[in-house]
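So the structure is just underneath, and the comments pick up after that.
Lettering follows sequence order; numbering is per chain, from 1.
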Protein chains: 2
Amino acid sequence: MFVSTATNGIDAKGRVSVPASFRSNVSGGPFDGIYVWPSFDGPWLEGGGQALMDDYLEMIEAMDPYDEARQALEQSIFGEARTLSFDANGRITLPKDLAGHAGLDGKATFVGLGRRFEIWNPDSHARRATSARTFAKENKLKLRRPSRMTEMGQ
Amino acid sequence: MFVSTATNGIDAKGRVSVPASFRSNVSGGPFDGIYVWPSFDGPWLEGGGQALMDDYLEMIEAMDPYDEARQALEQSIFGEARTLSFDANGRITLPKDLAGHAGLDGKATFVGLGRRFEIWNPDSHARRATSARTFAKENKLKLRRPSRMTEMGQ
DNA sequence: TTGTTTCCCATCAAATCCCATGTTATCCCA
DNA sequence: TGGGATAACATGGGATTTGATGGGAAACAA
């Protein structure tokens with residue numbers, strides 16, 4: 001599970017270290033890396049491992065093949081996603097267009113969100129974290145257990 | 001899984017490089033190439049590897065033999081598809097009629113969509129990507145978890 | 001022949017690999 | 001518990017490989 005927040009530097013080649021705990025979270029499969037795409041909600045990046053993409057594929061394929069929403073989601077997730085594999089030191093190279101979408105310049109903040117994570121400009125993220133905390137406080141009563149227990153692996 | 005978008009040039013001989021990640025995605029089988037056919041939805045091409053064609057065959061064979069829809073799909077997919085094999089550098093030669101259907105002229109945009117991919121005129125695709133992003137944002141709630149529980153993490 | 005397709009080789013940029021280094025966190029033992 | 005030893009992590013730069021592309025020669029077809 002992706003948890004915690006870490007800010008790492010982006011070097012002149014566009015390389016950035018992925019937090020070690022994120023890396024160990026996606027290790028094991030044949031693809032040693034992550035999937036990253038621009039959020040269609042705002043100026044940040046969405047990311048996850050193979051398992052997340054498999055889930056999205058399953059959810060999208062459950063939709064009607066010629067549903068316009070399905071085609072838009074296919075395009076905006078799979079069409080925009082990049083496979084970024086780790087180098088020997090656990091870094092990825094962020095393509096310029098992705099860095100541009102998120103306004104990344106020299107530093108990137110990785111935010112673990114359970115089954116997926118986000119990559120933010122550190123300043124933007126600080127502002128968002130503040131407002132999210134307020135919003136969480138106002139909505140804390142919405143946090144409740146599902147009526148029937150469901151299993152969640154580790 | 002086919003992901004990401006890449007635009008490559010079409011040379012005077014009609015050759016175009018298939019993105020390396022697409023190639024590795026279809027490698028392994030006896031047929032070293034891809035299947036491509038004109039979309040019956042609009043001016044672009046549909047494509048995939050052997051696995052995709054096997055899936056379509058399975059789905060179509062599950063239909064009644066004289067179902068009109070079955071015959072239309074057989075004709076529009078298998079009847080129109082071409083097998084385009086890679087040359088030593090990973091290029092295919094696009095037949096003129098396929099290039100014509102998609103309005104390809106000098107450049108081709110490959111769009112990974114999970115199990116399959118599409119080939120677009122770069123300008124047409126840019127317009128579609130923009131509208132798809134808006135539409136995806138408005139319809140993201142249609143992405144539902146499958147009813148059966150899945151585990152978190154990788 | 002004439003035009004077309006397939007194969008082969010050359011080139012250039014970009015992505016990847018490899019090695020070195022500083023810094024922090026963890027371990028281990030007295 | 002203190003403190004040195006060790007390992008893990010993040011970072012920088014050079015060397016090497018891969019990927020995309022262009023053009024020519026050989027095989028094939030009309």
message = Whole angstroms only, please: what is the CG-P distance between Leu94(B) and dT4(C)?
response = 17 Å
key: Phosphate contact (dA20(D) OP1 or OP2) by Arg23(B) side-chain N/O below 4.0 Å   = yes
inquiry  = Looking only at the side chain of Lys13(A) (C-beta and beyond, no hydrogens), which of the listed nucleotides dC18(C), dG24(D), dA15(D) gets closest?
reply    = dA15(D)
request  = When you get a sec, tell me which of dA10(D), dA20(D), dG22(D) is the closest nucleotide to the side chain of Asn8(B)?
outcome  = dA20(D)
message = In this structure, is the centre-to-centre distance between the rings of Phe2(B) and Phe78(A) below 6.0 Å?
response = no
request  = Report the residue (Thr83(A) or Asn89(A)) whose heavy-atom-nearest nucleotide on DNA chain C is the more 5′ of the two.
outcome  = Thr83(A)
message = Tell me the interatomic distance from Asp87(A), atom CG, to dA10(D), atom P, rounded to whole angstroms.
response = 12 Å
message = Check this for me, if you would: do Glu61(B) and Arg70(B) make a salt bridge, where the nitrogen-to-carboxylate-oxygen distance has to be below 4.0 angstrom?
response = no
request  = Answer whether the closest heavy-atom distance between the side chains of Leu94(A) and Leu45(A) falls below 4.5 Å.
outcome  = yes
note = Rounded to whole Å, CD1 of Ile92(B) lies from P of dA20(D) at a distance of 12 Å
request  = Would you mind telling me which of dG13(D), dG12(D), dG24(D) lies closest to the side-chain atoms of Asp11(A)?
outcome  = dG12(D)
task = For Arg15(B) and dT6(C), give me the distance from atom CZ to atom C1', rounded to whole Å.
result = 10 Å
key: Charged N-O contact under 4.0 Å between Arg116(B) and Glu118(B)   = yes
query = Considering only side-chain heavy atoms of Thr93(A), which listed nucleotide, dG14(D), dT16(C), dG24(D), is closest?
reply = dT16(C)
note = Separation of dA20(D) atom P from Lys107(B) atom NZ, nearest Å, is 13 Å
key: Atom-pair distance (CZ on Phe22(B); P on dT18(D)), nearest Å   = 21 Å
task = Identify whether the distance between the nearest side-chain nitrogen and carboxylate oxygen of Asp32(A) and Arg23(A) falls below 4.0 Å.
result = no
request  = May I ask you to say what Ala20(A) touches in the nucleic acid, namely base, sugar-phosphate or nothing, with a heavy-atom cut-off under 4.0 Å?
outcome  = sugar-phosphate
query = Has the side chain of Arg91(B) got a donor or acceptor that lies under 3.5 Å from a partner of the other kind on the base of dG19(D)?
reply = no
task = Under 4.0 Å between any heavy atoms, over every strand shown, what does Val16(A) touch: base, sugar-phosphate, or nothing? Just pick one.
result = nothing
